[in-house]
Amino acid sequence: MFAPVDGEIMAGAELRGIDPQMEQRIGGLADVITTGRLTDLAGGDYRIILGDVLAGELGVRVGDSVVVVAPQGNVTPAGVVPPMRRFEVAGLFSSGMYEYDRYLALVHVQDASRLLRFGDAMSGVRLALHDPLAAPAVVRSVAEDLSEQLGRNYMISDWTRIHPNFFRSIQMTKSLLFVILSMIVAIA
């Protein structure tokens, strides 16, 4: 949950802890940042990069502060108190996909770990592939390897399951291109 420090607006979003140097090498995220840079995120500085739609909804700009509230809480005599931390907005990104621009916020992996009290553990790992359409096969392979080591205590997915409409659109475009090219060859 995110809220501007001086406002009453709240919004839910996914908080993703990243290593800025690794993300720079992989690409993708660095290319869609419109204000600021990935390297503006440094462990211990508590800075955040928001999607432009999320920032607009919260009414914040670069330099403003937002309070991030984690979903778990600590039981105290005053009741259940969720972990909260103030983050400075270091940048904005615009991916062109509403789902990301509205529901994603990026922080340094160390800051996410401290806020969520993970210690040295992580809740997930993302893989980047040279061929994005190979993701389902890679997921099956990784799932087979992990099932022997971890049992059933994990969830594995790929972008074709997370964004099925986008995947279907690509598949339909490929099919239509094949039909059109086949008709052109037949006519020629």
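Numbering of residues begins at 1 and proceeds along the displayed sequence. What you see is a predicted model, and the numbers here were worked out from it, not measured in a lab.
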A.B. asks: Can you see which heavy atom on Ala105 is nearest to which on Ile48, and at what distance?
C.D. replies: CB-CD1, 3.8 Å
A.B. asks: Rounded at 0.5 Å granularity, tell me how far CZ in Phe93 sits from CG in Leu50.
C.D. replies: 7.5 Å
A.B. asks: Sequence neighbours excluded, which residues qualify as side chain to side chain contact (heavy atoms under 4.5 Å, CB included) partners of Tyr98?
C.D. replies: Val53, Arg102, Tyr103
A.B. asks: Distance-only, no hydrogens or angles: does the Ser113 side chain make a donor-acceptor pair with backbone N or O of Val109 under 3.5 Å?
C.D. replies: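 Looks like no, no N/O pair under 3.5 Å.
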A.B. asks: With sequence neighbours left out, write down each residue that passes salt bridge (charged side-chain N to carboxylate O under 4.0 Å, His left out) with Asp40, or none if nothing qualifies.
C.D. replies: Arg37
A.B. asks: Can you tell me how far apart CG (Asp52) and CG (Leu92) are? Round to the nearest 0.5 Å.
C.D. replies: 7.0 Å
A.B. asks: Give the minimum heavy-atom separation between Pro20 and His108, together with the two atoms involved.
C.D. replies: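 Closest heavy-atom pair between Pro20 and His108: CD-CD2, 3.4 Å.
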A.B. asks: Who passes side-chain hydrogen bond (donor to acceptor under 3.5 Å, both in side chains) against Thr34, sequence neighbours left out?
C.D. replies: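 Counting only residues at least two positions away or on another chain, Thr34 forms no side-chain hydrogen bond (donor to acceptor under 3.5 Å, both in side chains).
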A.B. asks: Shortest non-hydrogen contact from Ala42 to Asp111?
C.D. replies: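 Closest approach of Ala42 to Asp111, heavy atoms only: O-OD2, 3.5 Å.
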A.B. asks: Taking only residues two or more places apart in sequence, or in another chain, which ones meet Glu88 in a side chain to side chain contact (heavy atoms under 4.5 Å, CB included)?
C.D. replies: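 For Glu88 the side chain to side chain contact (heavy atoms under 4.5 Å, CB included) partners, ignoring immediate neighbours, are Arg47.
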A.B. asks: Nearest 0.5 Å please: distance from the CG atom of Asp101 over to the CG atom of Leu54.
C.D. replies: 9.5 Å
A.B. asks: What residues, two or more places apart in sequence or in another chain, satisfy side chain to side chain contact (heavy atoms under 4.5 Å, CB included) together with Asp64?
C.D. replies: Val60, Arg61
A.B. asks: Let me confirm one number: the CG-CZ distance from Asp45 to Phe87, rounded to the nearest 0.5 Å.
C.D. replies: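 Rounded to the nearest 0.5 Å, the CG-CZ separation comes out at 10.5 Å.
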A.B. asks: Which residues pass the side chain to side chain contact (heavy atoms under 4.5 Å, CB included) test with Thr173, sequence neighbours left out?
C.D. replies: Ser169, Leu177
